[in-house]
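We name chains A, B, ... by the order of the sequence lines, and we start the count at 1 in each one.
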Amino acid sequence: MNEMMFQKMLERMEGMFHTVQEEGHGAVALVFIIGMVFGSLIQYTKVHKFEKIAGFAMLKDTVVPKMLFLAIGLASIGLFFMIQMGWASYHVKPIMLGGLILGGAIFGASMAIFGKCPGTGPISVAEGRIDIMVGAIGGILGGAFFTIFYDYFHIFMGPDFGKISLSGYFEDTEGTVALIFGLILVAISIAIPLKEEIDKDDVGYQS
Amino acid sequence: MIKKMPWWLGGILMALLLLFTFSIFGADRPIGASTYVPYFAGIIFDLDPQKYTYLQKIEAPGAWEGVLLLGVLTGAFLNAIFVTKTFRFTIVPDAWKRYKNNSILSRLFWSFVGGFFLIIGARLAGGCTSGHFLSGMAQTAVSSIIFGAVVLVSLIVTGKRFYKGDANE
């Protein structure tokens with residue numbers, strides 16, 4: 001029985017690689033490398049640490065918002081030019097108002113308590129953080145729960161106001177809008193005073 | 001060896017990685033990091049996509065993020081061993097001891113609950129810190145700006161209420 005389940009899991013994992021290979025959003029190896037770089041940048045800046053994320057929730061650490069706003073600001077300016085050049089396209093998520101507000105409120109509260117988000121948690125798991133492993137089990141159960149009861153969750157996710165972006169909304173001046181949006185975010189990231197909550201356990205591990 | 005990178009360098013490099021991933025020279029799509037969770041839940045619990053339609057919806061992005069996640073895990077583990085040397089088994093984070101309590105049971109309980117609702121919240125909103133905040137706001141997407149604003153308020157209100165102030169200071 002267990003062996004059969006394991007066999008099935010392996011088959012579906014193989015299916016995962018196959019899907020990515022066929023999908024045309026980068027070769028499997030490229031996506032893997034993007035993941036390695038993504039994780040490394042988070043790990044080197046330590047923004048995955050409980051002290052940084054829960055610290056931000058307590059307003060005792062500001063590295064997360066500083067780095068996040070800088071990255072978004074620069075990327076929004078760069079992305080606009082890339083789209084103009086035909087090197088990239090928009091992939092805007094729809095405004096599902098109920099889902100955004102309800103989901104955002106639940107997500108923010110969970111992030112403050114857990115001290116991780118779905119992208120940073122795996123890094124802490126790989127560093128041996130047992131509390132985050134337990135949280136990951138909770139997350140996988142949450143994912144299964146959402147999948148099984150999707151029809152019920154879906155009721156709360158609307159209404160759908162469509163896929164709107166600020167730069168798309170101001171059509172004639174979209175370049176200016178993207179530039180101003182980006183510069184404001186960069187200015188915010190610089191203006192936020194740098195505060196750091198240190199993990200005392202890390203002392204002696206860094207030098 | 002890199003042990004710690006300043007926030008501004010991390011921000012610049014993260015913007016470049018995001019742009020590369022968005023570009024047709026990269027993956028021609030945004031970076032997301034929460035769809036992989038229900039995707040893997042489907043694999044682990046052997047949920048049938050024929051029965052649970054949500055799995056059909058997330059087949060393509062879930063697989064992409066699944067491979068991304070394997071990269072993240074592998075990279076982070078190698079870094080933790082060879083570069084940052086931060087690999088060690090711990091249960092209660094340092095700041096949790098400072099601002100909450102010393103109880104292992106309390107931390108594990110809240111981690112489990114937090115992890116569970118983190119994914120419920122992300123999937124209700126259709127994205128997380130990566131998909132909405134980073135990738136979505138970089139496109140000036142209104143949905144992501146709404147999500148970002150709600151998350152910031154909820155995060156800070158919870159942070160103030162859930163943790164105690166500077167007990168030791």
Quiz item: Just checking, any donor-acceptor pair under 3.5 angstrom between side chains of B:Q139 and A:S76?
Solution: no

Quiz item: For A:E197 and B:Y99, does a side-chain donor sit closer than 3.5 Å to a side-chain acceptor?
Solution: yes

Practice problem: Answer yes if the ring centres of A:F107 and B:F147 are under 6.0 angstrom apart, and no otherwise. | Solution: yes

Quiz prompt | A:F146 and B:Y54 aromatic centres sub-6.0 Å | solution = yes

Between [options], which residue shows the highest count of heavy-atom pairs closer than 4.5 Å to chain A?
options                      : result
B:G32, B:S143, B:G75, B:A33  : B:S143
B:G159, B:G115, B:S144       : B:G115
B:G136, B:S34, B:S130, B:A60 : B:A60
B:L9, B:L155, B:T158         : B:L155

Residue among [options] with most heavy-atom pairs under 4.5 Å to chain B:
options                     : result
A:H18, A:M96, A:M133, A:E51 : A:E51
A:G24, A:G143, A:G115       : A:G143
A:M111, A:H25, A:M67, A:M82 : A:H25

4.5 Å side-chain heavy-atom contact, [X] and [Y]:
X      : Y      : result
B:V67  : A:M16  : yes
A:F56  : B:L152 : yes
A:F38  : B:L134 : yes
B:W96  : A:F50  : yes
B:R107 : A:V134 : no
B:T90  : A:I130 : no
B:W7   : A:T45  : no
B:F77  : A:V125 : no

Tell me, side chain or backbone of [X] under 4.5 Å from chain A's heavy atoms, or both, or neither?
X      : result
B:F133 : both
B:E65  : neither
B:L68  : both
B:F45  : side chain
B:F109 : neither
B:K57  : side chain
B:I81  : neither
B:F117 : both

Nearest heavy-atom neighbours spanning [X] and [Y]:
X     : Y      : value
B:L69 : A:P122 : CD1-CG, 3.3 Å
A:S89 : B:D28  : OG-OD1, 3.7 Å
A:A75 : B:A138 : CB-CB, 3.8 Å

Quiz item: Between A:A136 and chain B, which part of the residue has a heavy atom less than 4.5 Å away: side chain, backbone, both or neither?
Solution: neither

Practice problem: Pick one of side chain, backbone, both or neither for A:K8, based on which atoms fall under 4.5 Å of a heavy atom in chain B. | Solution: side chain

Quiz item: What's the verdict on side-chain contact (heavy atoms from CB on, under 4.5 Å) for B:M14 and A:L68, showing C-alpha distance, side-chain angles and the deciding distance?
Solution: CA-CA 9 Å; B:M14 186 59 87; A:L68 198 57; over 6 Å; no

Mind listing the side-chain donor-acceptor pairs of residues 15-26 of chain B below 3.5 Å, one per line with the distance, residues two or more places apart or on another chain?
{"unit_1": "B:T21", "atom_1": "OG1", "unit_2": "B:L17", "atom_2": "O", "d": "2.7"}
{"unit_1": "B:S23", "atom_1": "OG", "unit_2": "B:F20", "atom_2": "O", "d": "2.8"}
{"unit_1": "B:S23", "atom_1": "OG", "unit_2": "B:F25", "atom_2": "N", "d": "3.2"}
{"unit_1": "B:S23", "atom_1": "OG", "unit_2": "B:G26", "atom_2": "N", "d": "3.1"}

Got more than 12 heavy atoms from elsewhere within 6.0 Å of [atom1], [X]?
X      : atom1 : value
A:H154 : NE2   : no
A:I155 : CD1   : yes
B:I104 : CD1   : no

Quiz item: Hey, are B:K4 and A:E196 close enough for a salt bridge, meaning a charged N less than 4.0 Å from a carboxylate O?
Solution: yes

